[in-house]
Amino acid sequence: MALILNIIWFVFGGGFVAWLLWVVLGGLLFLTVVGIPFGFASFRIAGFAAFPFGKELVDSRAVGEERVLGTGLANFLWIILAGIWLAISHILAGATLCLTIIGIPFGFAHFRLATVCFAPLGKRAVPK
């Protein structure tokens with residue numbers, strides 16, 4: 001079922017657009033030295049944005065990885081500079097999709113993407 005939802009999401013639910021925008025954002029962030037960690041996080045989230053069904057984003061400490069020093073401060077800067085705007089766009093897309101019964105699962109996928117917009121560093125996509 002997750003495969004079918006992922007295919008429909010990628011084609012009709014905004015998955016391709018979300019993936020493309022996260023990849024472009026990651027590429028732009030790689031243009032600066034300071035943005036490189038955010039670029040890596042954007043690429044990880046782009047993979048989740050393309051195919052979110054059957055996966056969930058968890059803190060990297062939950063999968064046994066060490067948290068990098070300064071991640072909290074970097075996430076705070078991310079929220080102010082980019083996160084709030086990305087979250088608003090995902091919330092608006094999710095609310096629009098929730099107007100129809102068929103779009104409700106896709107709207108919830110956008111809401112899940114909106115939550116990660118506030119703290120992308122230190123997140124990993126894992127199977128549910």
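Fair warning: this is a prediction, and the values are worked out from it, not measured in the lab. Along the sequence shown, residues are numbered consecutively beginning with 1.
- Residues F53 and M1 have side chains not in contact (no heavy-atom distance under 4.5 Å, counting atoms from C-beta outward).
- Applying the ring-ring contact (aromatic ring centres under 6.0 Å, His included) rule to pairs touching residues 56-75 yields nothing, sequence neighbours excluded.
- Other residues, nucleotides and ligands contribute only 12 or fewer heavy atoms inside 6.0 Å of the CD1 atom of I4.
- What you find for F111 and I91 is that their closest heavy atoms are CE2-O, 3.6 Å.
- P37 and L121 make their closest contact through O-CD2, 3.4 Å (heavy atoms, listed as atom of the first residue, atom of the second, distance).
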Please set out all donor-acceptor pairs under 3.5 angstrom arising from side-chain atoms of residues 97-110, sequence neighbours excluded.
{"residue": "T100", "atom": "OG1", "partner": "L97", "partner atom": "O", "Å": "3.4"}
{"residue": "T100", "atom": "OG1", "partner": "G103", "partner atom": "N", "Å": "3.1"}
{"residue": "H110", "atom": "ND1", "partner": "H90", "partner atom": "ND1", "Å": "3.1"}
{"residue": "H110", "atom": "NE2", "partner": "G13", "partner atom": "O", "Å": "3.4"}

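- Residues I45 and P120 come closest through the heavy atom pair CD1-CB, 3.2 Å.
- V33 belongs to no multi-residue hydrophobic cluster, having no ILVMFWY side-chain contact under 4.5 Å with any other such residue.
- We find the CG-CG distance between L86 and L21 to be 8.5 Å, quoted to the nearest 0.5 Å.
- Counting heavy atoms from C-beta on, the side chains of S42 and W78 come closer than 4.5 Å.
- Under the side chain to side chain contact (heavy atoms under 4.5 Å, CB included) criterion, V126 pairs with E56, V58, V63, not counting sequence neighbours.
- In this structure, L28 shares a hydrophobic cluster with F10, F16, W19, L20, V23, V24, F30, L31, I36, F40, F43, F51, the cluster being traced through Ile, Leu, Val, Met, Phe, Trp and Tyr side chains under 4.5 angstrom apart.
- W22 places no side-chain N or O within donor-acceptor distance of the main-chain N or O of R44, the cut-off being under 3.5 Å.
- Residues W9 and A49 come closest through the heavy atom pair NE1-O, 2.7 Å.
- Within the hydrophobic cluster formed by Ile, Leu, Val, Met, Phe, Trp and Tyr side chains joined at under 4.5 Å, directly or through other members, I79 is accompanied by I84, W85, I88, L92, F118.
- The minimum heavy-atom distance between A18 and L113, with the atom names listed, is CB-CD1, 4.5 Å.
- In terms of heavy atoms, P52 sits closest to R112 at O-NH2, 2.9 Å.
- Each of L5 and L3 belongs to its own hydrophobic cluster when Ile, Leu, Val, Met, Phe, Trp and Tyr are linked at side-chain heavy-atom distances under 4.5 angstrom.
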